[in-house]
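The next block holds one structure in the form of structure tokens; read it before the comments.
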Amino acid sequence: MENRENIGVGLDIGTTKIVAMIGKKNEYGKLEILGIGKSKSLGVARGVVNNITQTIQSIQQAIALAEDSSGFKIKDGVVGIAGQHIRSIQHSDYISRSNPDEVISNKDIQLLIDQVNKLAMLPGEEIIHVLPQEFKIDGQSEITEPVGMYGGRLEASFHVVVGQAASIRNLGRCVQSSDIELSGLTLEPLASSDAVLSQEEKEAGVALIDIGGGTTDLAIFKNGIIRHTAVIPFGGNVITEDIKEGCSIIEKQAELLKVKFGSAWPGENKDNEIVSIPGLRGREPKEISLKNLSKIIHARVVEIIDQVFTEIKAYGHEDPRKKLIAGIVLTGGGAQLQHIKQLVEYITGMDTRIGYPNEHLAGNSSEDISSPLYATAVGLVMNSIANNTHSAYRLEVQEAPKAPVRPVAPAPQPVVEEVPEVNDVVEEKVVETKKAPKPDATVTKSFFDKYVEKIKDFLDNAE
């Protein structure tokens, strides 16, 4: 059994989909995806688990598909966390060193981080990340790397990410009940930014907007350092909901309409462009104007972007020293909406591009994996590999004549929900878009061991 390969596993538990990804670094330092499993997410709303049983089933399904497509067995994984309950604060702290004649080491920095981890939070809240920004040594400021320097007082400003303890523990329980260990927790916008942003963009100043199904996540970088994070409790699902209500159609049809014909810019469609939708159970078909459809989408996207822009302004983007020169990068499933780049540029006046996670992927990766949809999963796998974990091991052919599937997992079902009956769908040409993608490769990541130990202890004691 080749158990010493540095294989990373990422688990993106989203509102719309759950992705399990297995990957490793190739000889060129690029990420090679070995297996990917995707299942429809049941039991998660706006990034928060609201049904443990359904979430466990969806996770098991994604893991089984990833294992089958890769020939690896998953042992543990880095999980992404998002949701309305996430907030971030700025905090400064210092330690006085007993021996200033010794050089500062990583041990001193860890001591300072541990001290921040003990901060008193609001009842029911827990610290997820403590991210050092700039350091000060004996009053000398703007130090980015204090290791190796001399000094008595080590001070730092921190970006502290906080979340609801109950939500974090529910997530941990779902993962452990799916028969894998939780090797790390990473804030989803941070994972996405690892996958789609270049170091130059982080230096120049950039806002990453990850538009998911249930939430829109924001991460702002300047001078190579994380400056601001936020989770906005709206995403692609509210757009689908608006189409459903506005056009009086069922949800499956609304989602297909959005993906196939949707546009965030109403001026693009001519008045005579119409889609005919079969009626339910022999009722008359409905005719929907694409112009009206894009007006519905436009109104909701404007609302989401306005909220994100409010957060960017709260960070201080209008201050010349905090200006985000690289503008905005859009990723996540919502970034695939037609003309959304132009709309974001129009509302914010900032340069915008769509972020694909192909910067760190090996050249032979399939087109599917380099979709903005998988940005978070790719970032989580990168985290897992960076921690030098062995999150999955290769299954020997002789010990497994058939592709082994973990006993608790149901047999893998189609990745996407089945195509509804013809009378439920938007024209035949739209039906094609619902074919289940073939399982590709998957990757994972590892973070903050101490924090994960805390969750593990809690879960073990709770049983």
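The structure presented is a predicted model; accordingly, all values stated were derived computationally and were not measured. Every heavy atom of this structure was used, including side-chain atoms; hydrogens, water molecules and symmetry mates were not.
- Side chain of Ser58 to main chain of Leu42: a donor-acceptor pair is present (N/O by atom type, distance under 3.5 Å, no hydrogens or angles).
- Counting only distance, with no hydrogens or angles, the side chain of His159 and the backbone of Gln90 share no donor-acceptor pair below 3.5 Å.
- Of the possible polar contacts, one joining the Glu67 side chain to the Ile74 backbone as a donor-acceptor pair under 3.5 Å is found.
- With a 4.5 Å cut-off on side-chain heavy atoms, Val344 and Val308 do not count as touching.
- The closest donor-acceptor contact from the side chain of Lys222 to the backbone of Ala204 lies under 3.5 Å.
- For Lys25, the NZ atom is loosely surrounded, since the number of other residues' heavy atoms within 6.0 Å does not exceed 12.
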| request: Under the salt bridge (Lys or Arg N to Asp or Glu O under 4.0 Å) rule, what do Lys202 and Asp194 come out as? Steps first, then yes or no, please. | output: CA-CA 10 Å; Lys202 289 181 181 178; Asp194 284 344; 3.8 Å; yes
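- The one candidate from Arg87, Gln164, His85 that meets the side-chain hydrogen bond (donor to acceptor under 3.5 Å, both in side chains) condition with Glu125 is Arg87.
- With Asp319 as the partner, the side-chain hydrogen bond (donor to acceptor under 3.5 Å, both in side chains) test is satisfied by one option alone out of Arg321, Lys322, Lys323: Arg321.
- Judged by distance alone, the side chains of Thr215 and Asp217 do bring a donor and an acceptor atom under 3.5 Å apart.
- Under the 3.5 Å distance criterion, the side-chain polar atoms of Thr55 are matched with a main-chain donor or acceptor of Gly43.
- Inspection of the Asp76 and Ser391 side chains reveals an N or O donor paired with an N or O acceptor under 3.5 Å.
- For Arg353, the salt bridge (charged side-chain N to carboxylate O under 4.0 Å, His left out) test picks out Glu201, with sequence neighbours left out.
- Between Glu311 and Arg227 there is no salt bridge, since none of the side-chain N atoms of the basic residue sits less than 4.0 Å from a carboxylate O of the acidic one.
- Between the Lys341 side chain and the Val329 main chain, no donor and acceptor come within less than 3.5 Å of each other.
- A 4.5 Å side-chain heavy-atom check between Ile113 and Gln110 finds at least one atom pair inside the cut-off.
- In summary, the side chains of Thr376 and Ser192 do present a donor paired with an acceptor at a separation below 3.5 Å, with no hydrogens or angles considered.
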### Task
Would you check, one step at a time, whether the test side chain to side chain contact (heavy atoms under 4.5 Å, CB included) holds for Leu343 with Leu337?
CA-CA 11 Å; Leu343 181 62; Leu337 189 62; over 6 Å; no
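- Partners of Tyr94 by ring-ring contact (aromatic ring centres under 6.0 Å, His included), not counting sequence neighbours: none found.
- One N or O on the side chain of Lys75 and one on the backbone of His390 form a donor-acceptor pair closer than 3.5 Å.
- Of the possible donor and acceptor atoms, none in the side chain of Ser157 sits under 3.5 Å from a partner among the backbone N and O of Ser92.
- Between the CD1 atom in Ile328 and the CG atom in Leu218 there is a gap of 8.5 Å [rounded to 0.5 Å].
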Practice item. Apply side chain to side chain contact (heavy atoms under 4.5 Å, CB included) to the pair Leu131 and Gln133, showing each step before the final yes or no. Key: CA-CA 6 Å; Leu131 306 166; Gln133 296 181 315; 5.8 Å; no
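- Residues meeting the side chain to side chain donor-acceptor pair (under 3.5 Å) test with Thr240, sequence neighbours left out: Glu255, Lys258.
- Between Glu126 and Arg169 there is a salt bridge, since a side-chain N of the basic residue sits under 4.0 Å from a carboxylate O of the acidic one.
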Inset, instruction - For Glu181 and Gln176, run side chain to side chain contact (heavy atoms under 4.5 Å, CB included): C-alpha distance rounded to whole Å, both residues' side-chain angles, the deciding distance at 0.1 Å, then the answer. - result: CA-CA 5 Å; Glu181 287 298 313; Gln176 287 194 322; 3.5 Å; yes
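- Side chain of Ser88 to backbone of Ile86: no donor-acceptor contact under 3.5 angstrom is found.
- No donor-acceptor contact under 3.5 angstrom links the side chains of Glu241 and Asn237, judged on distance only.
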